[in-house]
Amino acid sequence: MTLRCLALIIGGLIASPCFSAKGEVLEVDWAIRAGGEGADKIRGLAVTDDGSIFVAGEFGQPSADLFGKEVESAGLLDFVVAKLNADGLPLWVATAGGANIDRAYGVAPADDGGCFVTGHFASDEIDFGNEQVLKSQGDYDAFVACFDSLGKCRWAFGCGGGGYDYGHGIHTDYEGGCVVSGAFAATGRFGDTTFSHAKGRRAFLMRVAADGNILWAREAGAATDAGTMSGHNVCCDADGNVFMAGLQRGGVIFSETVALPECNIQDVYVARYNLKGDAQWAVGTGGKSDGLATSVAPDGSGGCYIGGMFKGELSLVGKSVTAGGGHDVYAARIDNYGKGAWLQHSGGPGTDYGLAMTVADDGSEGCLMTGEFSGTVTIRGVGRRRVTEVKGEKDAFLASYGKDGELRFVQLLGGVDHDLSYAIGAGSDGTVVISGAFRNQTKMGEVELKSRKGNDIFVTRLKTK
């Protein structure tokens, strides 16, 4: 396939056509903004089988226009989740918050047309509506909530303890519930299960039924008290495999038989569990990467794709890459046996982030990734390399990799300021939706967006031309 998608740059936007996973051409279908005068951002996104879109994140003081609904902020940052139709029109918007910082990190569809959401809250209490009020146990607490098809909260619960705790990743399981990942400090309470340790931070993974019942909870603990862990993201495949990815320092014990060796620098990891919560294997990057796995997606063959960012050298099961300066973006595939299938990286002398990943849902296999690039970047895939200049301070990007690691396309999106894409979802019709935040003004395709002040939310969908 000939790579043409970086041929023409106009005003910071890659304006030339970009090939989809099937070799067709993508174009911006629509783009919308939301937000107010505060720091507004979407961090989680999911696309359903009928093309509906869930987005979740945060908005700031004093008020915001959230997809046509004017809302007042109760505190520093408030939680928001919304459902849009395939044309980007709002179906419902729900918000919650108290005096402090309350935000969502992830969202996943529920079988009844609603959604599951996770995040954390620092307010003394947070009211999701419909008599679903959570009270803080101290500092930040993680939460999981479920909203129905009309945007009403069906149930919600908090978890964690007196330390800094958060829910970060969430994914629907094949029985209609969800799996959730995050981190907790000191003591973490997850329903009837309590974990406790002296120092550092540990990752948690739990499975939640559709009715909000916690089926099981697991911790992944650093081998030393000074170590740290994050369950940054999670996914589940149709065979019941559950993948958790994030960062670790100090070595990790997932179970009596699955562990990673001690390392003195922040390291990328991914681990596979079954739906009973049994750890099966784990893969680390050797303790040199100073990196993070921000995203994980199933490859359909018992393995997974992972992505994120790193500094220095990233070594993953026999393959190594070196960053060009600050952080570089990486994408990799791990097979069914926990072995490396491929590893690619992109970036330049500046700071480049890979922030979210999903599978191509049009039957073509492979994965899609989004994040931000700055300055001059080199974008790599198996047998291909492309150098381009980012015209804005930061440009959002969309990249597609085949199952064997070939770079199918890459596209930059944005204006002359700062555009950051945190979240991505793919439709079965070949459409792709990305979302995040932009500063002051931006341009997506032919659509110009202007913020009220500072950072506002954008959501944009690309489709086959």
Side-chain angles (χ1 to χ4, degrees), residues 105-106 118 120 140-142 144 159-161 163-171 173 178-208 214-237 240-287 289 291-296 298 303-304 306 308 316-317 334 338:
Y105 280 110
T118 193
H120 67 177
Y140 283 91
D141 277 5
V144 184
C159 45
Y164 183 5
D165 315 309
Y166 55 84
H168 212 286
I170 192 164
H171 198 272
D173 70 33
C178 61
V179 288
V180 185
S181 66
F184 68 97
T187 298
R189 301 180 184 88
F190 304 89
D192 296 331
T193 302
T194 298
F195 304 115
S196 184
H197 59 98
K199 297 179 181 179
R201 184 179 302 280
R202 297 194 176 191
F204 73 81
L205 175 67
M206 63 180 170
R207 186 177 174 214
V208 183
I214 298 176
L215 300 176
W216 49 258
R218 303 287 185 266
E219 69 167 338
T224 64
D225 284 342
T228 190
M229 279 286 293
S230 166
H232 203 84
N233 220 321
V234 67
C235 69
C236 184
D237 68 17
N241 297 305
V242 179
F243 303 90
M244 180 173 68
L247 64 89
Q248 63 104 350
R249 184 187 296 114
V252 186
I253 299 171
F254 296 93
S255 70
E256 292 182 357
T257 58
V258 179
L260 291 174
E262 186 169 344
C263 61
N264 295 320
I265 195 169
Q266 185 172 298
D267 193 12
V268 172
Y269 81 89
V270 60
R272 191 179 80 173
Y273 295 74
N274 61 24
L275 265 187
K276 296 180 180 179
D278 302 321
Q280 298 177 321
W281 50 253
V283 175
T285 52
S289 67
L292 167 64
T294 60
S295 47
V296 61
C304 65
I306 62 170
L316 189 62
V317 282
I334 311 298

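All figures in this text were calculated on a predicted structure; none of them were measured in a lab.
- Taking 4.5 Å as the limit, every side-chain heavy atom of Thr193 sits out of range of all side-chain heavy atoms of Ile214.
- Here Phe204 and Phe190 bring their ring centres to under 6.0 angstrom of each other.
- Leu275 and Cys236 get closest at one heavy-atom pair: CD2-SG, 4.2 Å.
- Put simply, CZ on Arg249 and SG on Cys263 are 8.0 Å apart, with the number rounded to the nearest 0.5 Å.
- The shortest distance between side-chain heavy atoms of Thr228 and Leu247 falls below 4.5 Å.
- Going from atom OG of Ser181 over to atom NE2 of His168 covers 8.5 Å, rounded to the nearest 0.5 Å.
- Listed here is the closest heavy atom pair of Ala220 and Arg202: O-CB, 3.6 Å.
- Inter-residue side-chain proximity for Ser230 and Arg201 is flagged as unmet; no heavy-atom pair is nearer than 4.5 Å.
- Although no hydrogens or angles enter the test, the distance criterion places a donor-acceptor pair under 3.5 Å between the side chain of Thr285 and the main chain of Val268.
- Here the closest non-hydrogen pair linking Met244 and Leu205 is SD-CB, 3.9 Å.
- Contact of the Met206 side chain with the Val144 side chain is registered, since non-hydrogen atoms from C-beta on lie closer than 4.5 Å.
- Contact annotation: the side chain of Ile334 approaches that of Leu316 to within less than 4.5 Å [non-hydrogen atoms, C-beta and beyond].
- Counting heavy atoms from C-beta on, the side chains of Leu260 and Tyr269 come closer than 4.5 Å.
- Judged by distance alone, with hydrogens and angles left aside, the side-chain atoms of Asn233 form no donor-acceptor pair with the main-chain N or O of Gly169 at under 3.5 Å.
- With values rounded to the nearest 0.5 angstrom, Cys159 atom SG is found 10.5 Å from Phe184 atom CZ.
- Put simply, CZ on Arg218 and CZ on Arg207 are 11.0 Å apart, with the number rounded to the nearest 0.5 Å.
- Here the side chain of Tyr166 pairs no donor or acceptor atom with the backbone of His232 at under 3.5 angstrom.
- When all heavy atoms are compared, the tightest approach of Ala271 to Phe254 is CB-CE2, 3.7 Å.
- Shortest non-hydrogen contact noted between Asn274 and Gln280 is CB-NE2, 3.6 Å.
- Closest approach of Asp141 and Gly161 over heavy atoms only: OD1-O, 3.0 Å.
- A tilted orientation is assigned to the rings of Trp281 and Phe243, their planes being inclined by 30° to 60°.
- Of the inter-residue distances, the one linking Asp278 atom CG with Glu256 atom CD reads 11.0 Å to the nearest 0.5 angstrom.
- Remark: the backbone N or O of Ala185 is paired with a side-chain donor or acceptor of Asp165 at under 3.5 angstrom.
- For Arg272 (side chain) and Cys304 (main-chain N/O), no donor-acceptor pair under 3.5 Å exists by modelled atom type.
- Distance CG/Asn241 to CG/Asp173: 12.5 Å, rounded to 0.5 Å.
- Contact check for Ile170 versus Tyr105: no side-chain heavy atoms found under the 4.5 Å cut-off.
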